[in-house]
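In what follows, a single structure is set out as structure tokens and then discussed.
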Amino acid sequence: MDFNVKKLASDAGVFFSRAMQFTEEKLGQAEKTELDAHFENLLARADFTKNWTEKILRQTEVLLQPNPSARVEEFLYEKLDRKVPSRVTNGELLAQYMTEAANDFGPGTPYGKTLIKVGETQRRLGAAERDFIHSASINFLTPLRNFLEGDWRTISKERRILQNRRLDLDACKARLKKAKAAEAKAAAEHELRLTQTEFDRQAEVTRLLLEGISSTHVNHLRCLHEFVESQTNYYAQCYQYMLDLQKQLGSSKGEIFSGTFVGNAESTSPPPAATSLPAVTAATLPAVPTIPVVPTIVGVPNTVAESVLNPNEVKPPASGTRKARVLYDYEAADSTELALLADEMITVYSLPGMDPDWLIGERGNQKGKVPVTYLELLS
């Protein structure tokens, strides 16, 4: 019992001495042992690594599981060291609903057949998503989490010990300065040598751990490559599944829409530049039917409208053309298109069978197709 009381008193004395030294340093009343510049750089790099690893980990978890309730549930299962129950992905749930709807509507009907095909693709997309989440969790999230819960905790512990050793060292230096008697100076010098040795030893241990951050970066780099590879495979699978579905739906389009007007199946789609503008621009445009349309030629089917859409051979309507202001520069992709300069005024009109995203534009003697999203139609 006496030993415990003495130890408790000793620990209380050390704690009080450290608190006094720390307070005096903050008030500028005591000297502080400074670490070398290399050591300070190691500390800063370690802090950066910890902070950014936490942010990347949390945001990747949000990417893989957007539902916060599901993330909390997975966290609790992990802390309880229990297996996380399998959860149906949104794609798989949508596939289930589509299949059940097809059975109610009739699997032999055009709508029912299409629901079954789309539902099967959604099921495959959901399965691919599940595999991607599993791969990313093991190959990317787990190493990041292991660093924060393992290596970083060890580094933090040793840094706290180093801080205490430094406070003890500086407190001993202060006591040596205050010592007057020779006996007191000798005792203070002896204590200073001991604390200096302990500080140097702890500084070396902490330095080695901080230098190990370089190995952590190498490991995280490898994990990042694996994450990118998993994500690439996932998106490639999704793309292939959607291409297959598109082919299936395209092959059955004639059967499903037999006797129904579908429009010009060979209309030219706008180039990527015409579809990459902000949605706000398109929202400000009036409805397409308000564009003047050249009367349809009697006896000429819509399926051959493309042959009529040669801008050099098209004549504008006798009346009803509209003016348009160009919003952005546009470089013509071929001879059938008209190059545009921002803020210039042109005359536009539409033709039967044209893609609604395009108009015929005229500027003096020049004529060609122009993308609607590059224009502000004027009354």
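Sequential numbering from 1 along the given sequence is applied to the chain's residues.
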_Residues E204 and R201 bridged, charged N to O under 4.0 Å_ = no

*May I ask you to check whether E100 and Q96 show a side-chain donor-acceptor distance below 3.5 Å?*
yes

*Heavy-atom side-chain proximity of I116 to P107 below 4.5 angstrom*: yes

*Nearest heavy-atom pair of R363 and A339: which atoms, and what distance?*
NH1-O, 3.0 Å

*Considering non-hydrogen atoms only, spot the tightest contact between Y328 and T373 and give its length.*
CE1-O, 3.9 Å

*Decide whether F132 and L141 are clustered together by the hydrophobic rule: side chain heavy atoms of Ile, Leu, Val, Met, Phe, Trp, Tyr closer than 4.5 Å, transitively.*
yes

_E344 atom CD, neighbour heavy-atom count above 12 within 6.0 Å_ = yes

*So which heavy atom on P356 is nearest to which on V372, and how close?*
O-CG2, 3.6 Å

*Is the closest side-chain heavy-atom distance between R45 and N41 below 4.5 Å?*
no

*Between F140 and E226, is any pair of side-chain heavy atoms under 4.5 Å apart?*
no

*asked:* Check for me, please, whether L93 and L245 land in the same ILVMFWY cluster - side-chain distances under 4.5 Å, paths through other members count.
replied: no

*Look only at the side chain of E92 and the backbone of V88, and say whether a donor-acceptor pair between them is shorter than 3.5 Å.*
no

*asked:* Please evaluate residues F39 and L43 with respect to the criterion side chain to side chain contact (heavy atoms under 4.5 Å, CB included), reporting the C-alpha separation (whole Å), side-chain torsions for both, the decisive distance (0.1 Å), and the verdict.
replied: CA-CA 6 Å; F39 202 102; L43 290 173; 3.8 Å; yes

_Quick check: do E337 and Y330 have side-chain heavy atoms less than 4.5 Å from each other?_
yes

*Compare all side-chain heavy atoms of Q237 with those of R124 and state whether any distance is below 4.5 angstrom.*
no

*Does the side chain of T206 reach to within under 4.5 Å of the side chain of R165, using non-hydrogen atoms?*
no

*asked:* Same cluster or not: V62 versus I133, using hydrophobic residues (I, L, V, M, F, W, Y) connected whenever any side-chain heavy atoms lie under 4.5 Å apart?
replied: no

_Can you tell me which residue among R322, K367, K323 is in a salt bridge (Lys or Arg N to Asp or Glu O under 4.0 Å) with E362?_
K367

*What distance separates L208 CG from I155 CD1, expressed to the nearest 0.5 Å?*
11.0 Å

*Atom CE of M354 and atom NZ of K369: how far apart are they, to the nearest 0.5 Å?*
6.5 Å

*D151 (side chain) donor-acceptor with F147 (main chain) under 3.5 angstrom*: no

*Would you say L169 and R166 make side-chain contact, with heavy atoms under 4.5 Å?*
no

_Verdict with reasoning, E120 to R123, per salt bridge (Lys or Arg N to Asp or Glu O under 4.0 Å)_ = CA-CA 5 Å; E120 176 60 22; R123 184 192 64 78; 2.5 Å; yes

*Kindly work out whether a path of hydrophobic side-chain contacts (I/L/V/M/F/W/Y, heavy atoms less than 4.5 Å apart) joins M242 to L249.*
yes

*Are any of the side-chain nitrogens in E54 or K50 under 4.0 Å away from the carboxylate oxygens of its partner?*
yes

_Determine whether C172 and L176 satisfy the following criterion, side chain to side chain contact (heavy atoms under 4.5 Å, CB included), listing intermediate values before the conclusion._
CA-CA 6 Å; C172 288; L176 178 59; over 6 Å; no

*Taking C-beta and beyond as the side chain, do L351 and W358 meet within less than 4.5 Å on heavy atoms?*
no

*At their closest point, which heavy atom of H220 faces which heavy atom of P143, and how far apart are they?*
NE2-O, 4.0 Å

*Answer yes or no: are there more than 12 heavy-atom neighbours, outside N90 itself, under 6.0 Å from its atom CG?*
no

_Nearest 0.5 Å, please: how far is CD1 in I346 from CG in L341?_
10.5 Å

*Is atom NE2 of H217 surrounded by more than 12 heavy atoms (other residues, nucleotides or ligands) closer than 6.0 Å?*
yes

_Which heavy atom of L125 sits nearest to which heavy atom of Y234, and what is that distance?_
O-CE1, 4.4 Å

*asked:* Working to the nearest 0.5 angstrom, can you tell me the gap between T99 OG1 and L94 CG?
replied: 9.0 Å

*Taking all non-hydrogen atoms of both residues into account, name the closest pair between L57 and L148 and its distance.*
CD2-CD1, 3.8 Å

*Give a yes-or-no answer on whether the side chains of Q248 and D244 include a donor-acceptor pair shorter than 3.5 Å.*
no

_What's the separation between atom CG in L64 and atom NE2 in H134, rounded to the nearest 0.5 Å?_
12.5 Å

*Tell me, with the steps shown, if I161 and E158 meet side chain to side chain contact (heavy atoms under 4.5 Å, CB included).*
CA-CA 5 Å; I161 295 175; E158 297 301 329; 4.0 Å; yes

_Would D200 and Q196 count as a side chain to side chain donor-acceptor pair (under 3.5 Å) here? Give the steps._
CA-CA 6 Å; D200 293 340; Q196 183 70 57; 3.0 Å; yes

*Keeping the roles fixed (side chain from S135, backbone from D131), state whether a donor-acceptor pair exists under 3.5 Å.*
no

*Going only through I, L, V, M, F, W and Y residues with side-chain contacts under 4.5 Å, is there a path from V326 to L338?*
yes

*asked:* Test side chain to side chain contact (heavy atoms under 4.5 Å, CB included) on T321 and V348; report intermediate values, then the result.
replied: CA-CA 6 Å; T321 58; V348 295; over 6 Å; no

*asked:* With rounding to the nearest 0.5 angstrom, report the OG1 to CD distance, T121 to Q246.
replied: 11.0 Å

*Is it true that a side-chain atom of T142 and a backbone atom of N139 form a donor plus acceptor pair closer than 3.5 Å?*
no

